[in-house]
Amino acid sequence: MHNQEIAWALSEIADLMDIIGENSFKVRAFRQGALIVESIESPVTKLVARNQLSKIRGIGKGLCAEIESLVHYEKSQLLEKLRNEVPPGLLEILDLPNVGISSVRTFFKAGITTIEELEEMAKARKIRQLPGQGPKTELAILRGIEMIRRRSGKFPIGIAKSAAESFVHFLKNLPEVNRVELTGDLRRHEEMVQEIYILCTAEEESALLELLKKHPSATHILDEGAGYLRFRLTFGIPMHIEVTSEAEFIPRWVETTGTEAHWQALQDLRREQASHYNNPWQSYQTTEEAEENYYESLQLPWIAPELRDSGQEVEKAKQGKLPKLIKEQDIRGDLHIHTKWSDGVSSLEEMVMACQSRGYEYMAITDHSQSLHIARGLSEEQLLKQKKAIESLNKNSADFTVFSGVEMDILTDGRLDYPDEFIQEMDLVIASVHTSLRQERHKIHNRIEQALKNPHVDILAHPTGRLLGSRDPYDVDIDWLFDLAAKTGTVLEINASPERLDLSANLVKQAKERDILIAINTDAHDRARLGDIQYGINNARKAGLEKEDVLNCYSLKEVQKILNKPKSKRNSRS
DNA sequence: GCCGTTTTCGGCCCGACTGTTTTCAGTCG
């Protein structure tokens, strides 16, 4: 069992216990346990085998027992018991914004157990009659349900990807399987994923499908037919596995990766050219090389999956006008990182070492600022102390530089969390909206304006404040924001954390058109999450960014030069 | 449930804001 799956199980246990009114600290222990498991880099199964699990801080006897049961039997008796006790619809209700545990309990008591029942009651204006509820919450509930509907059964890419990876790994280890590749919207890096789609080849197609049906995750078969099987994973995501012949593999991979429009454009081109694809692909080392050969047969350069969208990319490819997309190796540093000094998990030194081992040239430590109490934000004195610690780290390493930065809150009234004379001493200042996310537009605009017009604010973090699939952006006019960023020379962030992916690929595309410099940052709170940079890069690729568009693709010297320039002159890329 | 002891129970990030309420509970970050 994959770490992520264990974490999901623990967090579901926490939610269910919370609903039935279990001790809140016990609930927190499980919730904390889920976070810990997620942040462990090595497979938990190995730790269990070596009896090292209980040595981890935060994992005691109780959690150890549940995790071991998950690893050994792929189930937990506690979870099964709770699932029997609590109607599954309540978890969906708990997911709604503005609905917490206490409201869920109130609804449960009133006999409401599904989103549909809740919606019906809200529409009949009966929710406002329940204790602690009122007309405004009723409206907020209906809006929340609307948001879930828009999501229409899709899953955020982060959840889908880790579920997919563990399954790909499982398939690759089966002796009867020859080739396994991810395809569909996950391969295109769509931020919301309809289903996990895996294409593979096997000696005996039907035997493989029969075997897969016995997999413990395949409890709920959705659909099956010649050469494919669809089932719902334990955590709700549909999994689509297709088995194809070696000869058909590449054409099927191309067909299932791109959108319908992309495939259609390729077919049109083939008819036009009357070209034929013969399948010499066994002579290639990797499936990617073989896929290049497929595009070559259409006299096209290989088109990156992220771009296989409207079909227009085929025309661009024909004319040799595809962007030279940014690659993971182009990233030279991460400019938004937290440590134990505020709400991070890893120490400053651990984060530095982790960035070095990723091959970066530089990084920025950007812990939270003083007003964000919950994140143990740093006072001026603490920040100065941290700056000294960073300076001494820098003295000891010749070929790696740590920027002394801060993620500074933009307060609810538009003031910034430190005075100008203080932040001008920092190497890098990121400004963020973390509080009062539901303010009216003019207030949000005022806050962003104050931050962007400040000469010392270098980057605006997670510029729309959305949480992918679970929270809408705050009320901001994107055109206005981009104009202001361009005018003031403020860098906008792609927050690579898969919970956020903010800016979205669509918005990044618009930002590029206005020549706004982008930074791709992880906002990592522990070492393991530095790997999230991949999500940000994929987002940038989807938007057609090249390395010149991204601040942290420049060398240390160039970045220092950019940061030393007055802000208003930064958007000219020289 | 976890941790850390002043070893076997007591404490466990907290403040702002909102929408309920007539003084506060729930939600959020």
Side-chain angles (χ1 to χ4, degrees), chain A residues 10-11 13-37 53-69 76 78-79 82 93-107 122 127-141 143-144 338 340-345 367-379 382 407-413 415 417 432-440 443-444 447 461-462 465-467 470-474 495 497 499-500 502 523 525:
Chain A
L10 295 180
S11 126
I13 290 174
D15 283 344
L16 292 171
M17 285 197 305
D18 216 348
I19 290 174
I20 60 167
E22 189 55 272
N23 174 303
S24 66
F25 295 109
K26 188 171 165 183
V27 172
R28 192 159 80 193
F30 274 89
R31 209 158 269 152
Q32 198 63 32
L35 289 176
I36 293 166
V37 167
L53 195 57
S54 55
K55 287 181 190 150
I56 298 168
R57 211 186 134 77
I59 310 279
K61 252 202 213 156
L63 279 161
C64 221
E66 290 314 318
I67 295 172
E68 278 173 8
S69 157
S76 135
L78 177 60
L79 181 55
L82 287 163
I93 293 176
L94 183 59
D95 239 11
L96 292 169
N98 307 305
V99 176
I101 281 300
S102 146
S103 301
V104 169
R105 283 192 214 131
T106 309
F107 299 150
I127 293 297
R128 62 182 69 183
Q129 292 163 10
L130 298 172
Q133 313 293 317
K136 290 205 176 174
T137 18
E138 202 172 63
L139 209 65
I141 286 167
R143 272 204 304 265
H338 296 274
K340 265 186 187 168
W341 282 69
S342 66
D343 63 344
V345 177
D367 273 310
H368 288 288
S369 63
Q370 53 193 359
S371 289
L372 205 63
H373 300 285
I374 185 155
R376 297 193 298 278
L378 271 51
S379 67
Q382 287 171 306
E407 182 181 15
M408 176 174 63
D409 260 59
I410 306 171
L411 305 180
T412 48
D413 59 1
R415 282 178 303 129
D417 208 6
S432 291
V433 172
H434 285 127
T435 50
S436 297
L437 302 168
R438 280 176 288 159
Q439 274 179 334
E440 302 153 278
K443 287 186 183 164
I444 294 277
R447 292 167 77 183
H462 36 75
R466 71 136 175 206
L467 292 181
S470 68
R471 184 176 72 203
D472 282 335
Y474 37 67
N495 191 290
S497 158
E499 288 90 46
R500 289 190 184 269
D502 183 11
D523 199 355
H525 285 64

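Protein chains get the first letters and strands the later ones, always in sequence-line order, with residue 1 at the start of each.
Residues A:S436 and A:T412 come closest through the heavy atom pair OG-CG2, 3.0 Å. Nearest heavy atom pair, residue A:F107 against residue A:I93, reads CD1-CG2, 3.9 Å. Residues A:P473 and A:R466 come closest through the heavy atom pair N-CB, 3.8 Å.
Among the protein residues, A:L437 comes within range of the sugar-phosphate backbone only, with heavy atoms under 4.0 Å from sugar or phosphate atoms but none that close to a base. Across all strands, A:L10 comes closer than 4.0 Å to no nucleic acid atom at all (heavy-atom distances).
The P atoms of B:dC13 and B:dC3 are separated by 13 Å, rounded to the nearest whole Å. The C1' atoms of B:dT18 and B:dT23 are separated by 15 Å, rounded to the nearest whole Å. B:dC12 and B:dT5 have their P atoms separated by 15 Å, with the value rounded to a whole Å. For the C1' atoms, the distance from B:dT27 to B:dT21 is 16 Å, rounded to whole Å. For B:dT20 and B:dA25, the P atoms lie 16 Å apart once the distance is rounded to whole Å. To the nearest whole angstrom, the two P atoms, one in B:dG11 and one in B:dA16, are 24 Å apart. Nucleotides B:dT8 and B:dC14, compared at atom C1', are 29 Å apart to the nearest Å.
What separates CG of A:D472 from P of B:dC28 is a distance of 13 Å, to the nearest Å. Rounding to whole angstrom units, NZ of residue A:K55 and C1' of B:dC3 are separated by 18 Å. Atom NZ of A:K61 is separated from atom C1' of B:dG4 by 15 Å (rounded to the nearest Å). Regarding A:R128, its CZ atom lies at a distance of 13 Å from the C1' atom of B:dG19, rounded to whole Å.
In this structure, A:H434 and A:H462 have tilted ring planes: the angle between them lies in the 30° to 60° band.
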Expected rows: protein N/O vs nucleotides 24-27 of chain B N/O, under 3.5 Å:
from: B:dG26; atom 1: OP1; to: A:S102; atom 2: OG; distance (Å): 2.9
from: B:dG26; atom 1: O5'; to: A:S102; atom 2: OG; distance (Å): 3.4
from: B:dT27; atom 1: OP1; to: A:G100; atom 2: N; distance (Å): 2.4
from: B:dT27; atom 1: OP1; to: A:G100; atom 2: O; distance (Å): 3.3
from: B:dT27; atom 1: OP1; to: A:S103; atom 2: N; distance (Å): 3.4
from: B:dT27; atom 1: OP1; to: A:S103; atom 2: OG; distance (Å): 2.5
from: B:dT27; atom 1: OP2; to: A:I101; atom 2: N; distance (Å): 3.4
from: B:dT27; atom 1: OP2; to: A:S102; atom 2: N; distance (Å): 3.3
from: B:dT27; atom 1: O5'; to: A:G100; atom 2: N; distance (Å): 3.3

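Using a 4.5 Å heavy-atom threshold, the side chains of A:L467 and A:R500 count as touching. Put simply, the side chain of A:H368 reaches to within 4.5 Å of the side chain of A:H338, judged on heavy atoms.
The backbone N or O of A:S69 lies less than 3.5 Å from no partner atom in the side chain of A:S76, so there is not a single donor-acceptor pair. Side-chain atoms of A:R447 come within 3.5 Å of backbone N or O of A:L411 as a donor-acceptor pair.
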Side-chain donor-acceptor pairs of residues 98-106 of chain A under 3.5 Å, sequence neighbours excluded:
from: A:N98; atom 1: OD1; to: A:R438; atom 2: NH1; distance (Å): 2.8
from: A:N98; atom 1: OD1; to: A:R438; atom 2: NH2; distance (Å): 3.3
from: A:S103; atom 1: OG; to: A:Q133; atom 2: NE2; distance (Å): 3.3
from: A:R105; atom 1: NE; to: A:D18; atom 2: O; distance (Å): 3.3
from: A:R105; atom 1: NE; to: A:I19; atom 2: O; distance (Å): 3.2
from: A:R105; atom 1: NH2; to: A:D18; atom 2: O; distance (Å): 2.8
from: A:T106; atom 1: OG1; to: A:S102; atom 2: O; distance (Å): 2.9

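Across all strands shown, B:dG1 pairs with B:dC12; the Watson-Crick or G-U wobble distances both stay below 3.5 Å.
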Next on the checklist: Each nucleotide in nucleotides 9-17 of chain B should get exactly one letter: B, S or -. Can you fill that in based on protein heavy atoms under 4.0 Å?
Outcome noted: ---BBBS-S
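With the nearest nucleotide of DNA chain B identified for both A:G58 and A:L372, A:G58 has the one nearer the 5' end.
In this structure, B:dT7 shows a glycosidic angle within 90 degrees of zero, which is the syn conformation.
Dashed line: the shortest gap from a side-chain N or O of A:R57 to OP1 or OP2 of B:dG4 is under 4.0 Å. Contact between the side-chain N/O atoms of A:T137 and the OP1/OP2 oxygens of B:dT20 is found at a separation under 4.0 Å.
We find that A:R31 and A:D15 are joined by a salt bridge, their nearest charged nitrogen and carboxylate oxygen being less than 4.0 Å apart.
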